Amino acid sequence: QLSSGINAEYGVIHHTVKQIFPDAIVIPGLLIGGTDTKWYGELCDDVYRFVPSFLSTEDIKRFHGHNELITVKNFEQVVNFFHHLITNLDKSFEVEFHDEL
């Protein structure tokens, strides 16, 4: 299933990418490989898979292999991105509270 690239949620991802990586070109794409997101398809209409860091050829070789790691700088970028994404998502949507469930 393809996720929408023209909705509010994708817009927040796009905005957050530009905050953290201002020179990045943001476009929808396909992720090849199995991820745990396969279990979310029945829970929501769109599932976005994103790695907010720069990965070298050597970094990619270590994925799920011997000496799997990312650099401290990449880890900082990942944490910074998701901090901003959560903050931006919180600002983007009004939540309607109900007195009773």
Side-chain angles (χ1 to χ4, degrees):
Q1 165 181 330
L2 294 177
S3 299
S4 175
I6 52 171
N7 59 22
E9 294 83 3
Y10 182 82
V12 174
I13 294 170
H14 184 277
H15 172 75
T16 306
V17 169
K18 295 303 274 185
Q19 279 182 303
I20 307 305
F21 307 103
D23 295 331
I25 298 171
V26 183
I27 59 170
L30 295 175
L31 175 70
I32 299 172
T35 70
D36 291 339
T37 58
K38 66 184 175 187
W39 303 108
Y40 305 142
E42 294 182 23
L43 298 175
C44 55
D45 294 331
D46 298 305
V47 177
Y48 298 98
R49 299 151 183 94
F50 185 74
V51 179
S53 62
F54 294 101
L55 301 172
S56 70
T57 303
E58 292 303 310
D59 293 329
I60 293 170
K61 288 179 186 177
R62 288 192 298 263
F63 266 47
H64 305 306
H66 181 68
N67 198 23
E68 181 175 17
L69 59 90
I70 62 173
T71 66
V72 172
K73 181 178 179 179
N74 275 340
F75 182 72
E76 179 183 348
Q77 289 173 330
V78 170
V79 171
N80 190 29
F81 174 83
F82 282 109
H83 167 78
H84 280 81
L85 179 65
I86 291 167
T87 301
N88 291 338
L89 282 167
D90 187 47
K91 293 176 187 175
S92 298
F93 302 98
E94 292 183 22
V95 177
E96 184 177 333
F97 291 97
H98 301 278
D99 292 333
E100 298 177 23
L101 294 176

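Predicted model, so just to flag it, every value in this text is computed and none were measured.
- Across I20 and H84, no two heavy atoms sit closer than the pair CD1-ND1, 3.6 Å.
- Under the side chain to side chain contact (heavy atoms under 4.5 Å, CB included) criterion, E58 pairs with S56, K61, R62, sequence neighbours left out.
- When the side-chain hydrogen bond (donor to acceptor under 3.5 Å, both in side chains) test is applied to Y10, no partner is found at least two apart in sequence or on another chain.
- Within a 6.0 Å sphere centred on CD1 of I6, heavy atoms belonging to other residues, nucleotides or ligands number 12 at most.
- The other members of the hydrophobic cluster of I70, by chain and number, are F75, V79 (side-chain heavy atoms under 4.5 Å, ILVMFWY only).
- The minimum heavy-atom distance between N74 and T71, with the atom names listed, is N-OG1, 3.0 Å.
- Taking each heavy atom of F82 and P52 in turn, the nearest pair found is CE1-CG, 3.6 Å.
- Chaining together hydrophobic side chains whose heavy atoms lie under 4.5 Å apart places I27 alongside I25.
- Nearest approach of V17 to A24, heavy atoms of both residues: CG1-CB, 4.0 Å.
- Taking H15 as the reference, Q19, N88 meet the side chain to side chain contact (heavy atoms under 4.5 Å, CB included) condition, with sequence neighbours excluded.
- In the hydrophobic cluster analysis, where Ile, Leu, Val, Met, Phe, Trp and Tyr join through side-chain heavy atoms closer than 4.5 angstrom, I86 is grouped apart from Y48.
- Atom CD1 of I13 and atom CG of L89 lie 7.5 Å apart (nearest 0.5 Å).
- For L43, the side chain to side chain contact (heavy atoms under 4.5 Å, CB included) partners are Y40, not counting sequence neighbours.
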